[in-house]
Structure formats: C-alpha cells, structure tokens
Participant: 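So that we are looking at the same thing, I have put the structure below in structure tokens.
Residue numbers start at 1 and run along the sequence shown.
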Amino acid sequence: MEREEADRVLYSFDVDRRTKIAVIVAKDRKGRPGWGPETTAMCDPAELPSSYTDKQPYRVWADKDGRRVPVSEVSSSAGSAHCDWQDADFLEWGAGSGGEGSADRKVYARDPEGVLPSGMLTSAYDGDVTMPAGARSTGYHLDDWELWLTDDMSRVYVRTSDGVEAWPAMKQHMGCR
C-alpha cells in the first residue's frame, strides 16, 4: 500500500523501487457500493519480471543484446482456445506508441495446422521458404525464433531451428465469433 485516505487506497507493485502497476480502489462510488477499483495504470509488460510475464498469454521478445522489447513494439501470442485457434500463433509488429488500433500496427499469423478461417490472412502461411534476398534481421528473437523483414510488409519471416517460415499479415479487424 502506497497511500491511504478515508475513501481511497493506492496500491502499487514495485520492482527495484520503481512502480510498475498502480491501482486505486475507492469506497462507495456512485452506483458501486463498497470498495472497488477506481483506476489503474501499468508500464509496458516487458518491464515486468519474466516470472510474471511468462504466465501471461503474450510473449515478450528480446533484442540482439537480450534486452526485453516493449510489447508495444513487438509481441506474440498463441491463438485463443475459445476460437479453437490454439495451434496458430500471432505476432504484432509496429504498434509503437499508437497501441492497438494504430494504423502502423500489423498482425501476422503462423498457421501450420490451418485452423484459421479462410480469408483471414492476406496470403497463405508457408512453413518452409528460402529467406528472400534483401531480408534483414530485426535482431529480435523469442527462444529459437528470429524475426526478419523485407520492404514488403505483407509478410514477416521467422527463422527457426528448423528453417524459415513466412507469416502473412492478417486482414484488418479479424477475430473469432
């Protein structure tokens, strides 16, 4: 607990004396009797310890020097089980400070089992390609996956211990129903 007033309490989760998550709970707000959350704020999840983020649905990538990359820049996750997409992987790239919904944000998909609906991807996933000439490493990696780009952002390339995969972009605003 950071601070307490008669009708509000500020809780924080700190790492190395820096606040990473803050929550204000308030008592008896309009239409909400008793204690409940009033507002929250948190840093980019990449700043949280891996002991926490490893249990979350998103995956935090690292740069060439092993530093964790903000999930606002690049992140990935398995597909949702409630959609029956858990055999697919999604990679979000380029959100930057624009966040979700930003025009610069692109989502790519790995779908080796073909679980994603027809028409969801801008082209087919290919799990065995040759790295294109002119492809450049981003320096970002997640376990044995390394992210590579070309000038054509309709696909990203992921080098794995088994070869190179081409992950196509998703059509905008696609989701399960």
Side-chain angles (χ1 to χ4, degrees), residues 20-21 40-177:
K20 301 296 182 177
I21 302 172
T40 63
M42 73 181 276
C43 64
D44 188 283
E47 294 183 40
L48 298 171
S50 60
S51 60
Y52 173 79
T53 58
D54 288 351
K55 297 173 188 161
Q56 304 308 310
Y58 50 81
R59 301 177 190 134
V60 179
W61 289 61
D63 67 14
K64 63 182 173 53
D65 297 320
R67 291 183 301 250
R68 293 160 60 90
V69 178
V71 299
S72 59
E73 192 168 326
V74 63
S75 69
S76 61
S77 62
S80 297
H82 73 272
C83 300
D84 203 24
W85 295 350
Q86 61 271 23
D87 291 330
D89 291 283
F90 297 93
L91 181 135
E92 296 185 40
W93 170 259
S97 61
E100 190 166 335
S102 169
D104 295 334
R105 177 179 175 265
K106 287 214 178 263
V107 180
Y108 299 89
R110 177 182 190 269
D111 188 19
E113 304 300 322
V115 298
L116 299 177
S118 174
M120 180 179 238
L121 305 176
T122 57
S123 61
Y125 160 81
D126 191 337
D128 185 19
V129 299
T130 301
M131 186 70 74
R136 59 196 180 284
S137 173
T138 62
Y140 296 155
H141 65 278
L142 176 69
D143 301 323
D144 75 332
W145 290 353
E146 298 173 10
L147 182 60
W148 290 66
L149 304 177
T150 64
D151 290 337
D152 176 7
M153 292 301 293
S154 66
R155 293 174 171 254
V156 296
Y157 297 86
V158 178
R159 182 187 300 269
T160 72
S161 57
D162 296 323
V164 178
E165 301 177 358
W167 295 24
M170 290 181 53
K171 292 184 178 173
Q172 204 167 19
H173 307 296
M174 293 294 293
C176 73
R177 297 175 197 261

Participant: Rounded at 0.5 Å granularity, tell me how far CD in Glu113 sits from CD in Gln86.
Facilitator: 10.5 Å
Participant: State, yes or no, whether a side-chain contact exists between Val129 and Met131 at a heavy-atom distance under 4.5 Å.
Facilitator: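 Val129 does not reach Met131 side chain to side chain.
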Participant: Identify the two heavy atoms, one from Pro70 and one from Ala46, that lie closest to each other, and give their separation to 0.1 Å.
Facilitator: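 Result for this residue pair: CA-CB, 3.7 Å.
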Participant: Quick check: does any side chain N or O of Ser80 sit under 3.5 Å from a backbone N or O of His82, one acting as donor and the other as acceptor?
Facilitator: no
Participant: side-chain hydrogen bond (donor to acceptor under 3.5 Å, both in side chains) for Asp162 and Thr160? Distances and angles first, verdict last.
Facilitator: CA-CA 5 Å; Asp162 296 323; Thr160 72; 4.6 Å; no
Participant: Are Asp111 and Phe90 close enough that some pair of their side-chain heavy atoms sits under 4.5 Å apart?
Facilitator: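 When only atoms from C-beta onward are counted, Phe90 and Asp111 do not touch, as no gap falls below 4.5 Å.
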Participant: Tell me whether Asp126 contacts the main-chain N or O of Ala166 through its side chain, where contact means a donor paired with an acceptor under 3.5 Å.
Facilitator: no
Participant: Tyr125 versus Pro112: any side-chain heavy-atom pair under 4.5 Å?
Facilitator: yes
Participant: Let's go through Trp61 and Ser76 carefully: what are the C-alpha distance in whole Å and the side-chain angles of both, what is the deciding distance for side-chain hydrogen bond (donor to acceptor under 3.5 Å, both in side chains) to 0.1 Å, and is it a yes or a no?
Facilitator: CA-CA 8 Å; Trp61 289 61; Ser76 61; 3.0 Å; yes
Participant: Do the side chain of Asp144 and the main chain of Ser161 share a donor and acceptor less than 3.5 angstrom apart?
Facilitator: yes
Participant: With rounding to the nearest 0.5 Å, note down the distance linking OG in Ser50 to CD in Gln56.
Facilitator: 12.0 Å
Participant: Locate the shortest heavy-atom distance separating Val60 from Val71; write the atom from each residue and the value.
Facilitator: CG2-CG1, 4.0 Å
Participant: Using only heavy-atom distances, determine whether the side chains of Thr150 and Asp152 contain a donor-acceptor pair under 3.5 Å.
Facilitator: no
Participant: With a 4.5 Å cut-off on side-chain heavy atoms, are Leu116 and Leu121 touching?
Facilitator: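 A side-chain contact under 4.5 Å exists here.
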Participant: Do NZ/NE/NH1/NH2 and the carboxylate oxygens of Arg136 and Asp151 come within less than 4.0 Å?
Facilitator: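 Asp151 and Arg136: salt-bridged.
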Participant: Where the side chain of Thr138 meets the backbone of Leu147, is there a donor-acceptor pair that is under 3.5 Å apart?
Facilitator: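 Side chain of Thr138 to backbone of Leu147: a pair is present.
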Participant: Hey, is the main chain of Arg67 close enough, under 3.5 Å, to the side chain of Asp65 for a donor-acceptor pair?
Facilitator: no
Participant: Can you tell if the side chain of Met153 reaches within under 4.5 Å of the side chain of Tyr108, non-hydrogen atoms only?
Facilitator: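 Side chain of Met153 against side chain of Tyr108, heavy atoms only: contact under 4.5 Å found.
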Participant: Got a sec, which residues hit salt bridge (charged side-chain N to carboxylate O under 4.0 Å, His left out) with Asp143, two or more places apart in sequence or on another chain?
Facilitator: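 Residues passing salt bridge (charged side-chain N to carboxylate O under 4.0 Å, His left out) with Asp143: none at all.
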Participant: Is there side-chain contact between Thr122 and Lys171, with heavy atoms separated by less than 4.5 Å?
Facilitator: yes
Participant: Output all residues satisfying salt bridge (charged side-chain N to carboxylate O under 4.0 Å, His left out) with Asp89, sequence neighbours left out; order by chain, then residue number.
Facilitator: Arg59, Arg110
Participant: Rounded to the nearest 0.5 Å, how far apart are OG of Ser77 and OH of Tyr58?
Facilitator: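 Ser77 OG to Tyr58 OH: 11.0 Å, rounded to 0.5 Å.
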Participant: Okay, side chain of Arg68, backbone of Leu48: is any donor-acceptor separation there less than 3.5 Å?
Facilitator: yes
Participant: Could you check whether any side-chain heavy atom of Met120 comes within less than 4.5 Å of a side-chain heavy atom of Met170, counting everything from C-beta outward?
Facilitator: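 In short, these two side chains touch, coming nearer than 4.5 Å.
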Participant: So do Ile21 and Thr40 actually touch side chain to side chain, heavy atoms under 4.5 Å?
Facilitator: no
Participant: Can you name the one residue among Trp148, Tyr157, Trp145 that meets ring pair (Phe, Tyr, Trp, His ring centres under 6.0 Å) with Trp167?
Facilitator: Trp145
Participant: Distance check, rounded to the nearest 0.5 Å: Glu146 atom CD versus His141 atom NE2?
Facilitator: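 One gets 8.0 Å once the value is rounded to the nearest 0.5 Å.
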